[in-house]
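Below, chain A is the first sequence line, B the second, and so on; all start at residue 1.
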2 protein chains.
Amino acid sequence: MTRIPATERRAALIDAALRVVSRNGLAQATTRAIVAEAGMSLASFHYAFASRDELVDELITTVISREQQAVLPDLIPGQTLHEILEAGLLRYFEHLRADPEHEQAMLELTQYALRSPERHPLAAAQYARYTELAAHALDVAAEHSGVRWRSPVDRVARVLVAFTDGLTLTWLVDRDDDAARAVAAAAADALTRMADTR
Amino acid sequence: MTRIPATERRAALIDAALRVVSRNGLAQATTRAIVAEAGMSLASFHYAFASRDELVDELITTVISREQQAVLPDLIPGQTLHEILEAGLLRYFEHLRADPEHEQAMLELTQYALRSPERHPLAAAQYARYTELAAHALDVAAEHSGVRWRSPVDRVARVLVAFTDGLTLTWLVDRDDDAARAVAAAAADALTRMADTR
DNA sequence: ACCGAAGTGGGACAGTTGTCCCAGTCGGAT
DNA sequence: ATCCGACTGGGACAACTGTCCCACTTCGGT
């Protein structure tokens, strides 16, 4: 096996772990399964990480920092706020449909973090990041459509995150596309009413 | 140990399992942990259930059938639809605050069911039940406030379930009561706009 | 009283999992 | 070229898990 420095192995193992978690769930993401996915030997795992817990913790933080802006739609001049928001939510939905396993993995990692007091902050950080991304999208949307949020944008963003989460979880269960689109429309509606025309 | 018929043991084990899952998570709900919680010996477990999987499957179906109407608020004459819906959502939120571990357990069971094709229907049934309960609450609310849902009530209910789920998940993470109430208000707003005054 | 079926207890087993050890090997600085 | 530390492979270990077995006890119907 070609020699790889420990830092690169850490990255490779985290990538492999994310694939395993997405494909088979966190419970199946054993050290051996991760190592097999990465094409390494078991010893390399504990050379790169002190423990499986350390890997999972780092997986969560990595995955948070990678989280991209998926909600921002193309902005078209003259669009109303409602149109922008709904388009953004639908874009998120397409992202979800394209890679449901990824969102499912995120959900599982959150639940896992929620289960122990010392990991709870990881879950909180994950959602803080979601909220941050949502707030940015809402800023852009308000700017573009010339409105002003009645509450602080973080508060509105927090509502958007909740709606997005609900859309995700329910769709993962019933895979009802039309229902998900109805949720997007209703959410856009609610959010629109949290803004005043300037 | 006093003798208990197998059917009662099944019920006792399921209750114990739900407590263990709520307290420590599904991953910690081993046969030994469940049996200890129920105060039985390990042999009793496999006398009552063929396997742990069978127990978990039955736990899910049991828990679905027990699911109560938590969203229906007290109806006060003259209340607007928006007021009824927001009060209902806030009542659900109080229910969540009173026993967060229970909702967390539900979420974990859903995720678990989502992970294998043969169990997916269990998750679907769980959400079908949620939707059913929500639809009933929406029927009552519309009746009481003299409005008519523009879409079939099941569709509106599906949206309500998504909003409730989002409220739950995000609150479980950040425990921000005010944010959750804002979500409830926004959700009530969106739902209200899905009805026409008759 | 008795007898078969139902229920119980403890121990055992094999498979899996996280972790560790150790002997070896490679690569780059000297 | 050599040598030290970084890396690798394979095997091992103990803990845990689901499951099973078997000898035993209790109960309800006869």
* Per A:Y47 side chain, nearest of listed nucleotides D:dG9, C:dG9, D:dT8 -> D:dT8

* Distance, rounded to the nearest Å, where A:M40 contributes CE and D:dG10 contributes C1' -> 17 Å

* Interatomic distance, A:I4 CD1 vs D:dG5 P [rounded to whole Å] -> 23 Å

Produce the list of close N/O pairs, under 3.5 Å, pairing protein atoms with atoms of nucleotides 25-30 of chain C; give distances to one decimal.
residue, atom, partner, partner atom, Å
C:dT25, O2, A:R3, NH2, 2.7

Each nucleotide N or O in nucleotides 17-19 of chain C that has a protein N or O under 3.5 Å away: list the pair and distance.
residue, atom, partner, partner atom, Å
C:dG18, OP2, A:T31, N, 2.8
C:dG18, OP2, A:T31, OG1, 2.7
C:dG18, N7, A:R32, NH1, 2.7
C:dG18, O6, A:R32, NH2, 2.8
C:dT19, OP2, A:R52, N, 2.7

* Asked: Should B:R150 and B:D196 count as an ion pair when the cut-off is N to O under 4.0 Å?
  -> yes

* Only one of A:R66, A:R9, A:R10 passes salt bridge (Lys or Arg N to Asp or Glu O under 4.0 Å) with A:D15; say which it is. => A:R66

* salt bridge (Lys or Arg N to Asp or Glu O under 4.0 Å) involving B:E86 - partner list, sequence neighbours excluded -> none

* **Results of ring-ring contact (aromatic ring centres under 6.0 Å, His included) for B:Y112 - residues two or more places apart only** => none

* Asked: Tell me: CZ of B:F49 to P of C:dT8, nearest whole Å?
  -> 14 Å

* **side-chain hydrogen bond (donor to acceptor under 3.5 Å, both in side chains) evaluation trace for B:Y130 with B:D165** => CA-CA 10 Å; B:Y130 291 160; B:D165 252 22; over 6 Å; no

* To do: Would you mind listing every ring pair (Phe, Tyr, Trp, His ring centres under 6.0 Å) that reaches into residues 167-198 of chain B, with sequence neighbours excluded?
  => B:F93-B:W171

* Asked: Between B:E94 and B:R91, is the closest basic N to carboxylate O distance under 4.0 Å?
  -> no

* Inter- and intrachain pairs under salt bridge (charged side-chain N to carboxylate O under 4.0 Å, His left out), touching residues 104-113 of chain A, at least two apart -> A:E108-B:R115

